[in-house]
Amino acid sequence: MLADYLPILVLFVIALGIAAFVILLSSQLGPRKFTARKLAPYESGMEPIGPAQRRFGVKFYVVAMLFIVFDIEVIFLFPYALVFREMGLYGLSVMGFFLILLIVGFVYEWKKGALRWE
Amino acid sequence: MNILILLIQCLVLTLGVTTGFAYLTLFERRVLARLQNRVGPNRAGPAGVLQPVADAVKLFFKEDIIPSAADRWVYLIAPALAMIPAIIIWAVIPVGCWNIGGDYRACFDPALSGELNNVLQVADMNVAVLYLLAVTSVGVYGITLAGWASNNKYSMIGSIRSSAQLISYELALGLAVLGAVMIAGTLSMQEIVASQSGMWAMIPQFLGLVVFMVSATAEVVRAPFDLVEAEQELTGGYNTEYGSMKFALFFMAEYIKLIAVSAIAVTLFLGGWRFPGLETLGGIVAESSGPGMAAFVVGIVSLLSFLGKVAFFLFLAVWIRASWPRIRYDMLMDLGWKRLLPLGLVNVIMTAFVVVLIPNRWIHSILLFVLGIAILYATARYGQTVRPRSSIEFAPREPLPSTAVEQQSP
């Protein structure tokens, strides 16, 4: 079974090789006249003001949390998608219940404004 | 022997994909130029065919800087992290069907799938669809780390925007893929293609195809969803501090991913390498020149049919870029969470109900097609996300603390 994944390992090694080769080669070929100004972070020609890794909007964290919930839901639906023909009406009702719970949660967060971006 | 074939497959695939990327950039620039009433690059070689080579040489000889503020190792690894997933996605995609050393009929008859030895697919694994979803997610790391490691405000904002955009649209993408999996009833790419004999999955999954197309465009940050690299606001987005070939690797990752999602769309919804009359063609060749030749001809024609369908999607992507302005960030999030995600869910639920209640393949497919179009029409008619700017309510602004002035360097 693990042999099925050998091609991916080979392809991974080739891709890694290309990336490493390209980065190394371009670092050797180009001119190298570094000055402090040239290596400074780009900020439209100004002296950089403050650190760049600063606070950012809390909305992004909300998006990340909602993503985890729904991504797990999607992955959970995959096994059902493979057998739903055989499971028939029983499968429909069980998965319907599961989806209703999620949809209620989704509608709640929508109405609560968690998805509002302004 | 098998290892040798595998190595050749992997090398040819990588070469093909990178060449495809190089000529996609030329194709895009030429087509975009025509759509904007310009000529486009046509100086390097006849009709500009050497332009990608010239670009590569130029990029190799650019000065390769590492900004002094950057996190050196993460900064160096990030481009590779973005590029590797874009290439290894290709392992599971069947780009054609050349049953080497066997009968061409194994490509078409599921009963013969035991003797199928398709050299035009590197890895036929049984969880290919999950693999696709997993690998596309890994690509986010490269972009996020690139923005973080650059230690530049433009890069940072670009990468935060892009990671939020990518994870938002991944949900809709996953649900659209789920619809196709329900119709096929399998996670193996080869079997998904086989299940589309007689009818491509885009008929029962029309809604799924549309959701897939929109979210895939956002997933590969193409126009009109290219807010990550909005030049007017962010200079270059997450790759502002990257130059030389390190920049080219990001560029490469983006375009290879564009080709890859087009290939996935073709495989899941447009019958993959299938083409009407291919099996008949194989029969004719087998009668006149033997089974080996038939397998070869079927392989070549199926590859061409696959590439043709992918080219259609690529042209569509360029056309969309020429036609649509970039959308605003709140509209982007609205579209992903409030339109595509519910549409994807509706598609899955609708497919489950209709397929279980009406087992006949043709009847439920046509019914799903009609329902999909009706839902799309209703969404377009009553579910506009575009609001004029003045209707957005802004929260009252607190005055900013004056840290900015204190931290100014002398």
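Each chain gets a letter, A, B and so on, in the order its sequence line appears, and its residues count up from 1.
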Original post:
Do you know which of B:Val181, B:Ile65, B:Ile160, B:Thr14 has the most heavy-atom pairs under 4.5 Å to chain A?
Top reply: B:Ile160
Original post:
What part of A:Glu73 lies closer than 4.5 angstrom to a heavy atom of chain B: side chain, backbone, both or neither?
Top reply: side chain
Original post:
Mind checking whether B:Pro342 and A:Trp110 have side chains closer than 4.5 Å, heavy atoms only?
Top reply: yes
Original post:
In terms of heavy-atom proximity below 4.5 Å to chain B, should A:Leu99 be classed as side chain, backbone, both, or neither?
Top reply: side chain
Original post:
By a 4.5 Å heavy-atom criterion (distance strictly below it), what part of B:Val127 contacts chain A: side chain, backbone, both, or neither?
Top reply: side chain
**OP:** Report yes if the side chains of B:Met156 and B:Asn151 come closer than 4.5 Å at any heavy-atom pair, otherwise no.
**Re:** no
Original post:
Contact part of A:Phe60 toward chain B, heavy-atom cut-off under 4.5 Å: side chain, backbone, both or neither?
Top reply: side chain
Original post:
Less than 4.0 Å between a side-chain N and a carboxylate O, is that true for B:Asp64 and B:Lys246?
Top reply: yes
Subject >> Within the 6.0 Å centroid threshold, strictly below: A:Phe76 and A:Phe98 >> reply: yes
**OP:** Please look at B:Met245 and chain A and tell me whether the side chain, the backbone, both or neither of the residue comes under 4.5 angstrom of a heavy atom of that chain.
**Re:** both
Subject >> Proximal component of B:Val135, with respect to chain A [non-hydrogen, under 4.5 Å] >> reply: neither
Subject >> Non-hydrogen atoms of B:Ala86 and B:Ala253 that approach each other most closely >> reply: CB-O, 3.8 Å
Subject >> Validation row: B:Ser168, A:Phe67 side chains within 4.5 angstrom (heavy atoms) >> reply: no
Original post:
Quick one: what part of A:Leu66 sits under 4.5 Å from any heavy atom of chain B, side chain, backbone, both or neither?
Top reply: both
Subject >> Option that, when pairs with chain A are counted at under 4.5 Å, heavy atom only, ranks first among B:Leu178, B:Thr186, B:Leu345 >> reply: B:Leu178
Original post:
Side chain, backbone, both or neither: which part of B:Ile77 has a heavy atom under 4.5 Å from chain A?
Top reply: neither
Subject >> Residue among A:Ile8, A:Asp71, A:Val74 with most heavy-atom pairs under 4.5 Å to chain B >> reply: A:Ile8
Original post:
Hey, does A:Tyr90 have a side-chain heavy atom less than 4.5 Å from the side chain of A:Val94?
Top reply: yes
Original post:
Can you tell if the side chain of B:Leu340 reaches within under 4.5 Å of the side chain of B:Leu171, non-hydrogen atoms only?
Top reply: no
Original post:
Relative to chain B, which segment of A:Ile103 carries a heavy atom at a distance below 4.5 Å: side chain, backbone, both, or neither?
Top reply: side chain
Subject >> B:Tyr329 versus B:Ala164, closest heavy-atom pair with distance >> reply: OH-CB, 3.4 Å
Subject >> Heavy-atom pair count under 4.5 Å with chain A, highest-scoring of B:Leu341, B:Leu13, B:Asp124 >> reply: B:Leu341
Subject >> Among the listed options B:Met252, B:Met125, B:Gln9, the residue most often paired with chain A at heavy-atom distances under 4.5 Å >> reply: B:Met125
Original post:
Heavy atoms, side chains only, cut-off 4.5 Å: are B:Leu175 and A:Phe70 in contact?
Top reply: no
Original post:
Checking B:Phe353 against chain A: side chain, backbone, both or neither under 4.5 Å from a heavy atom?
Top reply: both
Original post:
Checking heavy atoms, do the side chain of A:Ile14, its backbone, both or neither come under 4.5 Å from chain B?
Top reply: side chain
